[in-house]
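These notes concern the structure reproduced below.
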Amino acid sequence: MRNMDPSQEEREYRAQIKDRKRIVVKIGSSSLHHMSTGELNLTKMERLVRELCELKNQGKDVILVSSGAIAVGKKVMNIKPTDKDIPVKQACAAVGQARLMMIYQKLFAEYNHTTAQILMTKHTIVDEINRRNAHNTFTELLKLGVIPVVNENDTVAIHEVEDTIGDNDFLSAVVANLVGADMLILLSDIDGLYTDDPRANKDAKFISLVENLADVMDMGKESTGSNIGTGGMSAKLHAATVAMNAGTDMVIANGKDVSVIHKIMEGRYYGTLFKSHKDEKFDIAGYIDEM
Ligand code: GLU
């Protein structure tokens, strides 16, 4: 959704986005797959990779958080998308993550960029030594000009099991916090935040700029419209809490057309922008531990 009538304040704020240096982009399973067949949408993946390579070519650091391991693995293993058995999903994640990376590596290589896989769990953040190691690895990869592709390590920790970081919306905010990103783009299956669920209430109004999370906290609905992927709007607001406190601006936008990435980065009025307010005292490990 494009805001046709941004406030002066939003205009000024959005205009600075083009100078952002370290960008985390999250894409969910529902945006990567054809709903009708469950197969990967290769055209879209190709466009996504091109968008990210273009940011990289502008001299920015880029990190992709991509879901899809379980959905791809299920497709490869001929298992129904609705199968909820946890060991089955974990096995599928092992198969699918490798397949997903193979495709990303091939696509990024076409534009002469190198990717690396980073799989994380809750312990990567909560455990101080693990956190430091992960931070060092990200920092070094970015220094080397690599584009890290991140997912939760579903094979050893999965969303339904308690011992998890949560969904990938939240994971991407955690990554943004860990690497000190100044921009996080969550590509979702809706345009951004509305005053109510726009699929159920046609009077729901689009919110273009959020400065204070408390004002919008009760607008997050638990579900998305899709059957694949896990993050609903409430998960995104949870992610916003981490991102905003970390000093990372966050935009939720519709991943239907991935060209929205460069439109956002040009400072145009797409998606809902959550304006950050860095809190030096914010303790990410403590926050996750308490969840
Ligand atoms: N990590 C899961 C996967 O790759 C997806 C989790 C999510 O979308 O939040 O399949």
Side-chain angles (χ1 to χ4, degrees), residues 1-7 10-11 13-18 20 22-33 41 43-45 47-52 54-55 58 60 62-68 167-173 175-176 181-199 204-211 213 216 219-221 223-226 228-244 248-276:
M1 159 82 65
R2 185 164 187 199
N3 178 7
M4 304 307 272
D5 188 22
S7 64
E10 183 175 348
R11 273 173 215 277
Y13 204 75
R14 293 243 187 192
Q16 304 164 20
I17 291 179
K18 61 180 184 331
R20 298 293 145 86
R22 188 163 278 187
I23 303 58
V24 177
V25 175
K26 181 260 171 180
I27 186 128
S29 303
S30 62
S31 304
L32 285 177
H33 288 82
N41 184 337
T43 308
K44 194 152 177 199
M45 283 181 83
R47 287 189 184 132
L48 169 70
V49 167
R50 198 162 5 128
E51 287 279 327
L52 300 179
E54 175 48 21
L55 289 179
Q58 290 168 18
K60 300 180 192 300
V62 177
I63 295 172
L64 172 64
V65 176
S66 175
S67 309
D167 54 81
N168 276 7
D169 294 318
F170 190 68
L171 173 64
S172 58
V175 169
D182 45 14
M183 190 72 198
L184 167 62
I185 300 177
L186 296 186
L187 296 177
S188 171
D189 56 359
I190 64 166
D191 297 329
L193 191 64
Y194 286 82
T195 50
D196 196 4
D197 185 345
R199 286 174 282 230
K205 294 221 164 27
F206 184 71
I207 300 170
S208 177
L209 178 69
V210 174
E211 289 188 75
L213 260 189
V216 296
M219 289 170 196
K221 299 285 175 201
S223 64
T224 62
S226 65
I228 45 179
T230 50
M233 192 48 82
S234 64
K236 290 174 177 59
L237 294 182
H238 217 23
T241 309
V242 171
M244 290 163 90
T248 310
D249 287 328
M250 179 177 119
V251 173
I252 300 176
N254 203 323
K256 187 171 67 201
D257 178 0
V258 292
S259 71
V260 75
I261 296 174
H262 76 254
K263 292 174 184 157
I264 292 166
M265 292 309 300
E266 283 166 2
R268 290 155 72 181
Y269 312 109
Y270 285 87
T272 301
L273 169 65
F274 295 77
K275 198 170 158 181
S276 67

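The CZ atom of Arg268 lies 11.5 Å from the CZ atom of Arg14; values are rounded to the nearest 0.5 Å. With rounding to the nearest 0.5 Å, the separation of CG in Asn41 from OG in Ser31 is 10.0 Å.
In this structure a side-chain-to-backbone donor-acceptor pair under 3.5 Å is present from Thr195 to Lys205. With hydrogens and angles ignored, the 3.5 Å screen pairs a side-chain donor or acceptor of Thr272 with a backbone N or O of Leu193.
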key: side-chain contact (heavy atoms from CB on, under 4.5 Å) between Tyr270 and Val251, worked out   = CA-CA 8 Å; Tyr270 285 87; Val251 173; over 6 Å; no
task = Please assess Met45 against Leu32 for the test side-chain contact (heavy atoms from CB on, under 4.5 Å), listing each intermediate value before the final yes or no.
result = CA-CA 7 Å; Met45 283 181 83; Leu32 285 177; 3.8 Å; yes
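Checked for salt-bridge contact, Glu211 and Lys275 meet the test: a charged N lies under 4.0 Å from a carboxylate O. Salt-bridge annotation for Asp169 and Lys236: present, with a side-chain N of the basic residue lying under 4.0 Å from a carboxylate O of the acidic one.
Evaluation of the side-chain hydrogen bond (donor to acceptor under 3.5 Å, both in side chains) rule for Ser172 yields no partner, not counting sequence neighbours. By the side-chain hydrogen bond (donor to acceptor under 3.5 Å, both in side chains) test, Ser276 is found to be paired with Asp249, residues two or more places apart in sequence or in another chain being considered.
Looking only at atom types and distance, the side chain of Glu51 has no donor-acceptor partner in the side chain of Ser259 under 3.5 Å away.
Residue Leu184 forms a side chain to side chain contact (heavy atoms under 4.5 Å, CB included) with just one option from Thr248, Val25, Ile252, and that option is Thr248.
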